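Take a look at the structure below.
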Amino acid sequence: MTTPDSTSSDFIRNIVEEDLKTDKYQGRVVTRFPPEPNGYLHIGHAKSICLNFGVASEYPGGICHLRFDDTNPLREDVEYINSIQEDVQWLGFDWGQHLYYASDYFGALYEFAEKLILEGKAYVDSLTADQIRNYRGTLTEPGKESPYRDRSVKENLDLFRRMRAGEFDDGAHVLRARIDMASPNLNMRDPTIYRIRRATHHRTGDDWCIYPMYDYAHALSDSIEKITHSLCTLEFEDHRPLYDWTLEELDVYRSQQIEFARLNLTNTVMSKRRLLQLVEGSYVSGWDDPRMPTISGLRRRGYTPEAIRTFCDHIGISKRDTVVNMALLEHCIREELNRSAPRVMAILDPLKVIIDNYPEGTEQEFDAVNNPEDPSMGNRKVPFSREVYIERDDFREDPPSRFFRLAPGREVRLRYACYITCREVVKDPQTGEVIELRCTYDPESVGGSTPDGRRVRGTLHWVSAAHSRQVEVRLYDHLLVNPEGDSDEDSRDFISLLNPDSLKVLTNCQVEPGLANAEPGSRFQFERQGYFCADSRDSMPGAPVFNRTVSLRDSWARIEQAQNAG
RNA sequence: UGGGGAUUAGUCCAGUGGUAGGACGCCUGACUCUGGAUCAGGAAGCGGAGGUUCGAACCCUCCAUCCCCAGCCA
């Protein structure tokens, strides 16, 4: 597996490279990640984080700021400020001293607004929100100028100062940029840049009752921080003329906005609105539910920062509106965990096997390799005795063709232990359910091979019944059955696409004794099953709960599926 | 039918005038005490039509399709 070249290029890095060549910014590269603290970060944000911090890190002296875009006190909260910082750090990025808040600039932003008014470039409008909307025109028709558009500078200044002083109710007035009501770009039809909001801000308290709008605040925040490359998503492309207008009219540092496509993933949802809907509707257990594409959800699921970064490298940066296959994310975590996760044997759906010719009351230990990919991880002892559990799915009374596992009369290997042959199938007389297998073992095969060198096709994982520990395991699958994922933002109906099998809780799993003390957050490969992570929320000392991060590739499942289909 | 963007294998990303390349996924085979991993091989693509050129994914023209914009959200 090749990891992407760290110098791998994209159109944004090409622009940065070119700007360096032409000395556009005196050799500086300063980016920023500007989340609004109104929700948890998700894998789509990770793309932006990796881009912004990544680009900055590729140049000497390059820096990336973390700036909270906290201009709307109605929707924002410190809870999110904390989780966002935790998530960015966990992903492996460091903003150093460069932690900022748009609210830090409220004073400066206010001064700039007065300057615009003084120069006749902004005015106080007293139309209602409804009226402003009607005056804006439509996509194909120009807007109409507000009757307040030609108020004198003096009157505008007076009104704006009184807005700031709290003399008016919410909605009574707004400050608008005076641009062009006939512009084909709706964002340029005298956009609102300040509105009255008598709300307590999580950082500035009640210092302000007017708050700047995104376009105005963001452009100036970038400029104040002397951001060179302001990277944002495609939907802001139409806003760039306003971004440029603001910086040019105020004659301040000219940051450059560049837009790239946001991330969409199959089989999940990505918009904050929908994520919030899942949380509030209790379709998931919270923002960090392991099924959520949030950073905290992926973390709890068992994903590593490295895997997420590798994923972001793999998907690249472009301007095409696309949907990345979830299989790529899964590939990235498998690839890493294959290298790093200790192997362990765990039976998810136990079927008891009694080895009749194994002496009763005795036991022995076998050596098991902790990670065949990394010999330095050493070996461990696994206890064995007369009764073991195997995976129910590893036995078929009537095996289909190419089924190499256990069946009546068949011989298989118990990994690291010995060969067993199935002699008898014990069923519940009522239900007909297989409840136990009577087997014999070949004493010659102890250690995993026989002197006669005969081959067995199947090797099963197992656990000694007398030594195993019962744990809870949670099997997670895609959130949505629909691979189209989030792409249809209008379908109000995505709830009906939720995968009913996205979570299966197994409470009777039997695992090797050593696993009982697994540290919360620790990751394992359950051999032949997948990668699992001890849940950091619900695990108790001595009673871990395991989340399935991702299953192993399962070629037998594919064969069987093909057989059933054909 | 106003404006802004985008069209390269099933998917994502490179390729900016000289034999279309990588990754994921998929298929074959080898190997294997994980039907894992690994290794080897394979199928699969420039939206369309014109034009410029010795030569076009790339330049020009037209067409088509998809995405975004009418918050006092970001």
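Proteins come first, then strands; the chains are lettered A, B, ... in the order of their sequence lines, and each starts at number 1. Bear in mind that the values here come from a model prediction, so they are computed numbers and not experimental data.
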With ring pair (Phe, Tyr, Trp, His ring centres under 6.0 Å) as the criterion, how do A/Phe106 and A/Tyr211 come out once you've worked through the C-alpha distance, each side chain's angles and the decisive distance to 0.1 Å?
CA-CA 8 Å; A/Phe106 281 172; A/Tyr211 293 93; 5.6 Å; yes
For ring pair (Phe, Tyr, Trp, His ring centres under 6.0 Å), just list the numbers for A/Phe260 and A/Phe11, CA-CA rounded to whole Å, side-chain angles, deciding distance to a tenth of an Å, and then say yes or no.
CA-CA 9 Å; A/Phe260 64 94; A/Phe11 80 97; 7.9 Å; no
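The residue A/Leu127 sits close to a base: some heavy atom pair falls under 4.0 Å. Residue A/Ile559 is in base contact, counting any heavy-atom pair closer than 4.0 Å across all strands shown. If you check every strand for non-hydrogen atoms under 4.0 Å, A/Ala129 touches a base.
Between A/Thr71 and B/A74 there is a side-chain polar atom (N or O) within less than 4.0 angstrom of OP1 or OP2. Contact check, A/Arg553 against B/A37: a side-chain N or O comes under 4.0 Å of OP1 or OP2. OP1 or OP2 of B/C24 has at least one side-chain nitrogen or oxygen of A/His331 nearer than 4.0 Å. Within the 4.0 Å cut-off from OP1 or OP2 of B/U32, not a single side-chain nitrogen or oxygen of A/Thr459 is found. A sub-4.0 Å separation between OP1 or OP2 of B/C72 and a side-chain N or O of A/Arg197 is absent.
The side chain of A/Arg405 lies closest to B/G35 when the candidates are B/G35, B/C72, B/C73. Side-chain atoms of A/Leu186 lie closest to B/C69 of the nucleotides B/C69, B/A23, B/G35. Checked against B/G71, B/G35, B/G2, the side chain of A/Met213 finds its nearest nucleotide in B/G71. Of the candidates B/C27, B/G3, B/G2, the closest approach to any side-chain atom of A/Arg558 belongs to B/C27. Distance from the side chain of A/Glu237 is smallest for B/G4 among the nucleotides B/G4, B/A70, B/C26. Of the candidates B/C67, B/A74, B/G3, the closest approach to any side-chain atom of A/Glu36 belongs to B/A74. Set against B/A74, B/C72, B/U34, the side chain of A/Arg415 has B/U34 as its closest nucleotide. The side chain of A/Glu373 lies closest to B/A37, out of B/G4, B/A37, B/A14. Closest contact between the side chain of A/Ser318 and the listed nucleotides B/C69, B/C26, B/A14 involves B/A14. Of the candidates B/A6, B/C67, B/G35, B/G35 carries the atom nearest the A/Trp556 side chain, counting heavy atoms from C-beta on.
The residue among A/Ala261 and A/Arg195 whose nearest nucleotide of RNA chain B is located toward the 5' end is A/Ala261.
The strand RNA chain B forms stems, runs of 3 or more Watson-Crick or G-U wobble pairs with distances below 3.5 Å, at B:2-7 with B:64-69, B:10-13 with B:21-24, B:26-30 with B:38-42, B:47-51 with B:59-63.
One distance of note links OH of A/Tyr531 with CG of A/Leu337; it measures 6.0 Å at 0.5 Å rounding. Between the CD atom in A/Glu373 and the OG atom in A/Ser340 there is a gap of 10.5 Å [rounded to 0.5 Å].
Judged by atom type and distance alone, A/Arg334 does not reach the base of B/G36 through any side-chain donor-acceptor pair under 3.5 Å. For B/G3, its base sits under 3.5 Å from the side chain of A/Asp238 at one donor and acceptor pair at least.
Taking atom P on both nucleotides, B/U28 is separated from B/C66 by 36 Å, rounded to a whole Å. B/G71 sits 40 Å from B/U61 when the C1' atoms are compared, rounded to a whole Å.
A search for salt bridge (charged side-chain N to carboxylate O under 4.0 Å, His left out) contacts involving A/Arg410 returns nothing, not counting sequence neighbours.
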The contact string for nucleotides 41-46 of chain B, one letter per nucleotide 5' to 3', using protein heavy atoms under 4.0 Å with B, S and - for base, sugar-phosphate only and none, comes out as ------
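By the 30° and 60° cut-offs, the orientation of the rings of A/His314 relative to A/His331 is perpendicular.
In this structure, A/Arg309 does not pair ionically with A/Glu336, as no charged nitrogen and carboxylate oxygen lie closer than 4.0 Å.
Applying the 90° cutoff around 0 to the glycosidic angle, B/G48 is assigned anti.
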